[in-house]
There are 2 protein chains.
Amino acid sequence: MKDIAKEAKVSLTAVSLVLNDKDTRVSESKKAEIKRIAKQMNYRPNSAAVSLSKNVSYNVALIVPDITNPFFARIVREITTFLNTKGYGTLLVDSDNSYKNEKSALQNLISRGVDGVLLVPSNEIFSENQTEVTKLLQNLAKPLVLLNAYTTRKVSYVNFDNVKGAEMATQELINYGHRQIAFIRGENNFVNALERYEGYENVLKKNQITLNQNLVFRGDYSMESGYRLAPDILKNRQITAIVSSNDLMLFGVIKWAKEHQIPIFKRLSMIGFDNTPYTEILEVPLTTIDQDTEKMATDASELLLKMIQTKQKIVKKIIIDPILIRRQSVWKR
Amino acid sequence: MKDIAKEAKVSLTAVSLVLNDKDTRVSESKKAEIKRIAKQMNYRPNSAAVSLSKNVSYNVALIVPDITNPFFARIVREITTFLNTKGYGTLLVDSDNSYKNEKSALQNLISRGVDGVLLVPSNEIFSENQTEVTKLLQNLAKPLVLLNAYTTRKVSYVNFDNVKGAEMATQELINYGHRQIAFIRGENNFVNALERYEGYENVLKKNQITLNQNLVFRGDYSMESGYRLAPDILKNRQITAIVSSNDLMLFGVIKWAKEHQIPIFKRLSMIGFDNTPYTEILEVPLTTIDQDTEKMATDASELLLKMIQTKQKIVKKIIIDPILIRRQSVWKR
DNA sequence: CTGAAAGCGCTAACAC
DNA sequence: GTGTTAGCGCTTTCAG
């Protein structure tokens, strides 16, 4: 900048003003001259200096439990792309589904000077000491938006209507004559898992089917957990259908069944959650609940940017409706 | 820092020295006192100030073509996790497989002050004006390591031995009696695609099978491109086996076959590339070429950090051997 | 062993 | 319309 000023024979102020388009004061001729020289010298502002001076970094933190899960991968892609067009960079952290990592990432990122954080929380965070978590989330020095979770805390979030999603899935199976419907749910404390389970319960009750806890299985949203659950699910011959809280756990069940030569697609109707791309290449394409990750990503990013730019604490709750995607894994029993 | 200095009745210098463990000079008692107070005040250095002063940011850029592709997702996870343990943050950009995006990201990230960049290049970059690309990559102001690509430029990279991988795949099929082996390759200019094709050619020649260009199909590594290619591949009834340059394109073929009720798993032997997790849940688990993404990620990250920390330009080429994972999609014809 | 002070590159309040 | 200058929070040189 100094060089530009010297070259253009103006002050640093003028250069700064012009290059930031706050050129209300500078004369047109100088303006043009400064811009020309800046371009010619291929000037790039030093972002550390800008940050130090303005106390903003134009970086946002994004924390996800597992980037390898296609559902999260989609979210990450939408968010980074969106933020990029708005002039923000994305610092990505994979928390490996661990609260400990989330916590240290949160602190680390704040001191890295991010302007705000987008948090897709782990399951674990909800099993922790909740007053500590509240403190962590509410007293964060920077704006925060939660994705794919809800909370009663004074924190913004955008989430899917999980109750509704699970209701649609369960009802679909009942409509096809199923009554012994297994449900693969997530961890006890994970709020979305609770909601999905609630949807399952609701629909059973509405259809006067008594809830049987032997049909409820508990995983952690990973393919491995589905794989682990598979033998128990498949040895219960009463079960005619499965609703899974996500596609991945169902994939795990399918993997186990394949390995043990069980014709699972012939035996069971199945509905997943997330509409991952791989649902379409299975032996029988999977019916699933689709969630509009793009909307989630842009809604959350926009909200965060608004908080950052207006410097206001906004507590807003956004809930997105899921959609039932009918393919071929459900049929009359 | 000022507060700590005041509280401890020492100078700013002392505080800085102690907190950075350059405490060769400060007395033990003061040292302890300063650390105590810093912890008590929950002191976090302002990273913008550190950056400005030291001219480093402890941030690294990571550019990938498509985070949604499980192969890249795995790389991203390994890299972010590894860099995190070394005290570096990761600025992630999804280039959407476009050279234009890569180029602007590269410039944008540099001016964001990253200390170095890890680039998993798009296919497109190799179809561009190559003198421009050379200029872009070689004259980058910061250390650069390429992943999943090779180059004759003075640029470091970590890549798989693609020739060997494709050779293993093709030979495996020949060993099982196949001779009309289709090959799904990537774009013309993408170096890895070229290498894989070369491996295919090599093995045909070695086995005295004449290369038939009608058996070579060209995709872009996306599931969609496989889907597009499927009708042409499947209508050629001579073909008894497929080698695909990645799993995803094969998934696309499988998807199309499913939709058109073609029993592809009965008709064709198939081998993919990448060993994505979903290869195991298909109707017939897929034989594939596994690439050690973790090694690639850590090798590349370590190399980059070395360049950053020693401030030396290192041009090192690392090549990793792939492994053939035998599952059930290959059988005697 | 310790501290004062210059400086990193930029912004913005202030004075002209 | 224009320029001077005081910071932003930290590191590091230099003088004691």
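Quick caveat: nothing in here was measured; it's all calculated off a predicted structure. Within every chain, numbering begins at 1; the chains are lettered A, B, ... in the order of the sequence lines, protein sequences first and strands thereafter. We use all heavy atoms of the structure for the numbers below, so side chains are in, but hydrogens, waters and symmetry mates are not.
The distance between atom CD of Glu33(B) and atom C1' of dT2(C), rounded to the nearest whole Å, is 16 Å. The distance from atom CG of Leu12(A) to atom P of dA6(D) is 14 Å, rounded to the nearest whole Å. Distance Asp21(B) CG to dT11(D) P: 12 Å, rounded to the nearest Å. If you measure from atom NZ of Lys2(B) to atom P of dT11(D), you get 15 Å, rounded to the nearest angstrom. Taking atom CZ of residue Arg44(A) and atom C1' of nucleotide dC10(C), one finds them 17 Å apart after rounding to whole Å. For the pair Lys22(B) NZ and dC10(D) C1', the computed distance is 11 Å after rounding to whole Å. When rounded to the nearest whole Å, the span between CG of Asn20(A) and P of dC10(C) equals 10 Å. Look at CG on Leu52(A): it is 6 Å from C1' on dG9(D), rounded to the nearest Å.
Taking the six-membered ring for Trp and thresholds of 30 and 60 degrees, Phe71(A) and Phe160(A) have ring planes inclined between 30 and 60 degrees apart.
Just one residue in the list Lys35(B), Lys31(B), Arg36(B) forms a salt bridge (charged side-chain N to carboxylate O under 4.0 Å, His left out) with Glu33(B), and that residue is Arg36(B).
Counting all heavy atoms, side chain and backbone alike, Phe126(A) lies closest to Ala149(A) at CZ-CB, 4.0 Å. Taking both residues in full, the closest heavy atoms of Thr298(B) and Phe82(B) are given as CG2-CD1, 3.7 Å, listed atom of the first, atom of the second, then distance.
Nearest nucleotide to the Val50(B) side chain, out of dT11(C), dC10(D), dT12(D): dC10(D). Taking the side chain of Lys30(B) as heavy atoms from C-beta on, and the options dG3(C), dT11(C), dC8(C), the nearest nucleotide is dG3(C). Nearest nucleotide to the side chain of Leu17(B), out of dG7(C), dT2(C), dT12(D): dT12(D). Among the nucleotides dG3(C), dG1(D), dC10(C), the one closest to the side chain of Ala14(B) is dG3(C). The side chain of Lys54(A) has dT11(C) as its nearest neighbour among dG9(C), dC1(C), dT11(C).
Residue Ser53(B) places no side-chain N or O under 4.0 Å from the OP1 or OP2 atom of dC8(C). Look at Ser16(B) and you won't find any side-chain N or O under 4.0 angstrom from OP1 or OP2 of dC10(D). Residue Asn46(A) places no side-chain N or O under 4.0 Å from the OP1 or OP2 atom of dC8(C).
The pair Glu124(B)-Lys100(B) does not count as a salt bridge, with every side-chain nitrogen at least 4.0 angstrom from each carboxylate oxygen.
A donor N or O paired with an acceptor N or O is found under 3.5 Å between the base of dT4(D) and the side-chain atoms of Thr13(A).
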